[in-house]
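Start at 1 and go down the list; that is how both ligands and their atoms are numbered. None of the values given here were measured: they were computed from a predicted structure.
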Amino acid sequence: MGIGDFDLYYRDLTAKSFELTHQRHLKYGPIFRLGPESVSICDGKFAKEILSSHRFRKPKEIYSHVFQVFLPNIFTTADPDFHRQRKGLLAPVFTWANMRRIEGTVIETGIRPLLAKFHRIARANAADKSGKPAAVVNLYKEFTNLTFDITGRLTFGRSFNIINADASQEVFDWFSGYFYYVAITRIFPFLNNRPMPFIPPVQRGYIGRRGIVNLAITTVRERLDYLKELDHAYPDREAAAIAGKVPHDILQLMIDARDNVADTSADKAPPNLNGSSAGPLKMGEGRCLSPEELASESLVQMVAGTETTSSALSWVMYALLSHPHHYQRLVDEVLTAFPLPVDATSDSVDIIRADSIKARLPFLGAVIQETLRYYPSASTSIPRVIPEGGLDYGDYHVPAGYYVSIPLYATNRDPQLWSRPEEFIPERWLAPVHRPDPDSGSGATVMDPGVKIGIMTFLSGPRGCLGRNLALMELQLTLANLIRQFNWEFADPANSMLNPVEYITLRPESKELLVTLTPRMEHGHNRY
Ligand code: HEM
């Protein structure tokens, strides 16, 4: 272990690595040495070049540790051929057209139950002696439960129903145990992969990992058995779909996905869960994912897609409530575009859909983008291995084999790309803003260069986020509908400041975003 490693652990332990790296870039410029064999580069345009191809590979040991719960998968692989093939199969699953297909599932599993729960809470409050429907909830926790239920339903084919659960669910404990385990075994690798009954948190993580792997395998098996039965009952899949028997979720889209390359050799056909070959694929069908590969991809989506999205939801609400004029502008936009019918009741009010939200709520889009810039859910530094020939940046040459890290939080606040980067300004996404010229003191009114280049929050290039469209759809649906149906305020305005900390994702240190909700229908005809 070198001095650089101590620095790395120090930064990890503070949970403020994102902020420390940002401060160092402001002090030392766009490049500095991060460790004995690694550099950090904060330069949006250059980062895009690095990420535009597979030349700068993922360091296998770092990625497999966190994201390889089971088999190598799209997230953990460092092999360009494996990745190209897997992304070729999975990227079409996450197109907007497919998001529309699964939107109903997202609404029924997550958005509607959450709205109903908030109405229930308000109704219960109104029934007590205060008579007021306003009620306090911890939005951070509610959003964690929401995205857990949605991703679980989409990738495991079943809702864990945590939104409505009174007690913690076993599966939720498995995942949280696993996340904690990953954090500990990263610092103490010798604890990895073995039962540790005398160290309860490690043992919990060990059990958690076994639990989620078994669950993923069982889920895929059950779905494949179900589809076999369907094939017996209906002449073809289209007839089954018309009868409403084909599930609308990501698991199904992954099962149906084929790559463009026809592969007729038996030895390349995917093995089944018992390890034997599933037999040759039919000509022209292309390769599909084996059951084990499906289980592995479902798992990594669960790991990569829940806390990232719930963190983004919490930070949007926090940013809005900390900037009441932005909040008010958004409320006006939502209620003008989608007024509540005067006789609306909590049960009858419709849910606004993603296409209408995108078309009619531009300020919401800007607020989401600005929050993803300002509080990137994955605020960490993204490491890549420098290929043969080394890396030239300005006057510097960094040798092959070193790591280059791209700090997402710092790049999203790079003054070269964003005017007044430390301010939360959603308007920058809609219209030119004043960019002061540091030399002349004057300036110009132009679009921020960062708007054109784009935020780094989902990364970019071939290794960019697979679930970006899904995350954006979840954000739009949740925020538009929550803001339309309820008014939101900090529960304790005098103590509302949150301290962001980084534990893989950026979250409030307290794990709390305490807010008061008041149903808007209360002011019309409908009452509790
Ligand atoms: C606001 C929410 C999200 C954010 C900020 C986010 C961010 C990111 C980032 C920064 C990466 C690159 C990581 C790296 O290379 O180290 C990534 C990759 C990935 N994300 Fe997301 N993500 C989000 C939601 C999701 C969702 C909902 C899913 C799926 C259900 C998902 C699945 C993945 C996968 C599979 C990869 C690996 C892609 C590849 O290597 O080709 N993410 N995400």
Side-chain angles (χ1 to χ4, degrees), residues 18 47 50-51 54 56-60 62-69 72-80 82-91 93-94 98-99 102 106 110 143-144 146-148 150-156 249-251 253-254 293 296-316 368-369 371-385 403-409 411-412 454-479 502 504-507:
F18 62 101
I50 291 181
L51 297 168
H54 279 286
F56 291 78
R57 295 192 188 179
K58 282 187 171 180
K60 210 166 150 191
I62 297 181
Y63 280 88
S64 56
H65 185 76
V66 181
F67 293 101
Q68 194 162 308
V69 193
N73 56 57
I74 187 167
F75 207 125
T76 58
T77 184
D79 173 354
F82 178 100
H83 183 266
R84 255 184 231 111
Q85 196 261 342
R86 196 54 63 89
K87 196 105 181 202
L89 258 165
L90 293 180
V93 166
F94 285 86
N98 275 338
M99 293 306 104
I102 60 170
V106 172
F143 286 151
T144 307
L146 171 80
T147 57
F148 201 81
I150 292 175
T151 322
R153 172 64 190 83
L154 293 177
T155 62
F156 281 22
D249 56 29
I250 287 176
L251 178 59
L253 290 166
M254 288 201 294
E293 290 167 343
S296 176
E297 295 298 344
S298 295
L299 267 176
V300 80
Q301 286 167 25
M302 206 54 205
V303 173
T306 46
E307 281 200 22
T308 41
T309 312
S310 65
S311 145
L313 280 165
S314 289
W315 291 117
V316 174
I368 292 174
Q369 285 301 318
T371 310
L372 289 169
R373 178 191 77 82
Y374 199 76
Y375 297 112
S377 319
S379 47
T380 182
S381 287
I382 303 284
R384 295 289 184 259
V385 183
Y403 288 172
V404 53
S405 276
I406 297 151
L408 302 187
Y409 181 88
T411 311
N412 280 352
I455 43 172
M456 291 301 287
T457 305
F458 293 103
L459 220 62
S460 71
R463 300 304 302 248
C465 178
L466 181 72
R468 184 176 183 275
N469 287 344
L470 173 60
L472 289 175
M473 184 171 80
E474 287 182 57
L475 283 161
Q476 289 158 352
L477 286 172
T478 310
L479 294 163
E502 177 193 327
I504 303 184
T505 55
L506 194 72
R507 65 157 168 83

Does the plane of the ring in His83 sit parallel, tilted or perpendicular to the ring in His54? Use 30° and 60° as the thresholds. perpendicular
At their closest point, which heavy atom of Pro376 faces which heavy atom of Thr457, and how far apart are they? CB-OG1, 3.7 Å
Closest non-hydrogen atom pair, Lys87 against Arg463: NZ-C, 4.1 Å
What do you reckon, does [X] put a non-hydrogen atom under 4.0 Å from ligand 1?
X	answer
Gly464	yes
Glu307	no
Pro462	yes
Met302	no

Test side chain to side chain contact (heavy atoms under 4.5 Å, CB included), reference Thr151, set Ile250, Thr309, Thr306, output is Thr306
Looking only at atom types and distance, does a side-chain atom of [X] sit under 3.5 Å from a main-chain N or O of [Y], one as donor and one as acceptor?
X	Y	answer
Arg57	Val385	no
Ser377	Thr505	no
Thr76	Pro72	no
Lys58	Phe75	yes

Starting from [atom], what is the nearest protein heavy atom, named by residue and atom, and what distance separates them?
atom	value
atom 13 (C) of ligand 1	Phe75 CZ, 3.7 Å
atom 10 (C) of ligand 1	Thr457 O, 3.3 Å
atom 14 (C) of ligand 1	Tyr63 OH, 3.4 Å
atom 40 (O) of ligand 1	Arg463 NE, 3.0 Å

What atoms of ligand 1 come closer than 4.0 angstrom to any heavy atom of [X]?
X	result
Arg384	15 (O)
Lys87	38 (C), 39 (C), 41 (O)
His83	39 (C), 40 (O), 41 (O)
Lys58	15 (O), 40 (O)
Leu459	12 (C), 15 (O)

Residue from Tyr375, Phe143, Tyr374 passing ring pair (Phe, Tyr, Trp, His ring centres under 6.0 Å) with Trp315: Tyr375
Using a cut-off of 2.8 Å, count how many protein N, O or S atoms are strictly closer to atom 21 (Fe) of ligand 1. 1
Is Arg86 close to Glu293 at the side-chain level, that is, under 4.5 Å between some pair of heavy atoms? yes
Who pairs with Tyr409 by side-chain hydrogen bond (donor to acceptor under 3.5 Å, both in side chains), at least two apart in sequence or on another chain? Glu19, Arg413
Nearest 0.5 Å, please: how far is CZ in Phe82 from OG1 in Thr77? 5.0 Å
